[in-house]
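See below for the structure under consideration.
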Protein chains: 2
Amino acid sequence: MVLGRDFREGMNVAVDTSLTEYTKLQEQECQSLLQLLGEMGIATAERVYGPGDAIYNQGEYGDALYVLTSGVLKLFRPYSGSKEATLRLLKPWDIFGHLAFAGETRQRAYAEAVTECRVTKVPKIFVERAVRQEPRAAFKLMTLLELRLVQYEELVKCLLPRETEVRLANLLPLLAQKFGQSTDGLVTIDLRLTHQDLAAMVASTRESVTKVLNEMRNRDVIDVDAGRITLKDTRTLARLSLE
Amino acid sequence: MVLGRDFREGMNVAVDTSLTEYTKLQEQECQSLLQLLGEMGIATAERVYGPGDAIYNQGEYGDALYVLTSGVLKLFRPYSGSKEATLRLLKPWDIFGHLAFAGETRQRAYAEAVTECRVTKVPKIFVERAVRQEPRAAFKLMTLLELRLVQYEELVKCLLPRETEVRLANLLPLLAQKFGQSTDGLVTIDLRLTHQDLAAMVASTRESVTKVLNEMRNRDVIDVDAGRITLKDTRTLARLSLE
DNA sequence: TACAGCCTGTATAAGCTCGAGCAATTCAGC
DNA sequence: GCTGAATTGCTCGAGCTTATACAGGCTGTA
């Protein structure tokens, strides 16, 4: 199990800091893709969902590209019989939904609104038309698909270690980069997250999350105020995530 | 943690059986993509790697699309300091490598040949040209990107449960579908896999895999012959993966 | 204001993994 | 066919997670 080569840990840091760029890139590409579709006269259906509403269910046929334009939304799937894991927490300009251009496609997770959110749905045939007529749309879409893959890779990174502490040490910086609000050099995750929510994201239990979060707070690694987590010691978090 | 809604377990089965279709679809799309590129006069570099050779390393800049055309190859990344996890085990007509069309891209894993294998590398600029000039290439590429995402989702599915037994019960059918050889109605995974290899795929330890595999063999769920695993009781495996 | 429901914090026993160590066996190269 | 390396099989404690249970706090609603 010990690695036989030099993994150059420094590189991981470089990879991670580029996630912020990913966020900006995604917003740009996603917004300009929708704009492009509009200019091409392509109909996109926008719909508003209230907290808890399902956008689609696992197993449904997916024949559209979904874009979240406002609010927060989660993709989750059941596992081990009676638990549910949050696969992705989406913010505006994230895309979701499976739209294979060939072969049958079923949604591989449940999509549910967390806050009130606005979703733009582009039927598959229109996406096809856009790709056919406008290569720029194809590039933007492929960039977005690639960024979605990166998010899954990050999820895998969170799930590889078994200890809840290490998983959270991997997850919290990700949430901070995606939902972070910078104040006084410290980053606060601008979401009300219950321990249960966090547990679903790292496939652990509420109790373990409670325990780890309190430990981190006692060690001044994080601060929790009204369900909002502030990262106070990112160096310690980074160190934890490697162990 | 208990789910508040009906997850319709039957649907999971339907989703999984469609993976075989995914394999065929992928071969078709990938082969025809390469053929299309050839017809367009696009230069693709083909190179042969011996077992253990690195195709690229984590952190390197990725500016190409890689296609495995023969052999077996693995993508892996280090975690928890000194362990390594196999993220994907690739067979011919799998694509790999990050090629964002915008923004900097670094490889997010190590790619290493398992057996001797042949890899076709298409530089990013040529992929761009193909997408620009030939929408069919764009469709095929997007389909392949989507299929790659599905593989990551399957990996996540393997990693969600904590028990090694359940993880393997999820992994083995996946391997069987990808590398399976049907004989007498039973499927054999046509690869020599050590317990260490399997442990890297489910992020567990060699010892745990040994134990679980022996239990499964004693219960006639699987059969192991010369490092090749045969699935004898897929129903029991499916049941295990749900618990 | 009272209430119900959710969230947090603790505690316990039980189960599983992890890591170390050490044989026996198998495999691969010579 | 032989030898060295790798793989497999097994054991044992330590550590962590899980499941369960319960008490107190917070929040939104009636």
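A, B, ... follow the sequence lines: proteins, then strands. Residue 1 opens every chain.
Evaluation of the salt bridge (charged side-chain N to carboxylate O under 4.0 Å, His left out) rule for Lys74(B) yields Glu84(B) as partners, not counting sequence neighbours. Every residue two or more places apart in sequence or in another chain that forms a side chain to side chain contact (heavy atoms under 4.5 Å, CB included) with Glu207(A) is listed here: Thr205(A). With sequence neighbours excluded, the residues satisfying side chain to side chain contact (heavy atoms under 4.5 Å, CB included) with Arg118(A) are Glu46(A), Val48(A), Thr69(A), Ser70(A). Under the ring pair (Phe, Tyr, Trp, His ring centres under 6.0 Å) criterion, Phe179(A) pairs with no residue at all, not counting sequence neighbours. With sequence neighbours left out, the side chain to side chain contact (heavy atoms under 4.5 Å, CB included) criterion links Ala203(A) to Tyr79(A), Leu159(A), Arg167(A), Leu160(B). Contacts of Tyr152(B) classified as ring pair (Phe, Tyr, Trp, His ring centres under 6.0 Å), with partners at least two apart in sequence or in another chain: none. Looking at residues two or more places apart in sequence or on another chain, you find a side chain to side chain contact (heavy atoms under 4.5 Å, CB included) between Val221(B) and Met216(B), Arg219(B), Asp233(B), Thr236(B), Leu237(B). For Arg88(B), the side-chain hydrogen bond (donor to acceptor under 3.5 Å, both in side chains) partners two or more places apart in sequence, or in a different chain, are Gln151(B).
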I'd like a list of close polar pairs between nucleotides 5-7 of chain D and the protein, N/O only, cut-off under 3.5 Å.
none

Mind listing the N/O atom pairs, protein and nucleotides 11-17 of chain D, below 3.5 Å?
residue: dT17(D); atom: OP1; partner: Thr164(A); partner atom: N; Å: 2.5
residue: dT17(D); atom: OP1; partner: Thr164(A); partner atom: OG1; Å: 3.2
residue: dT17(D); atom: O3'; partner: Arg162(B); partner atom: NE; Å: 3.1

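Across its full length, the helix from dT1(C)-dA30(D) to dC30(C)-dG1(D) shows an angle of 60° between the axes of its 5 terminal pairs at either end, rounded to 10 degrees.
For residues 178-202 of chain A, the set of pairs meeting the salt bridge (charged side-chain N to carboxylate O under 4.0 Å, His left out) definition, not counting sequence neighbours, comprises Asp94(A)-Lys178(A), Asp190(A)-Arg228(A).
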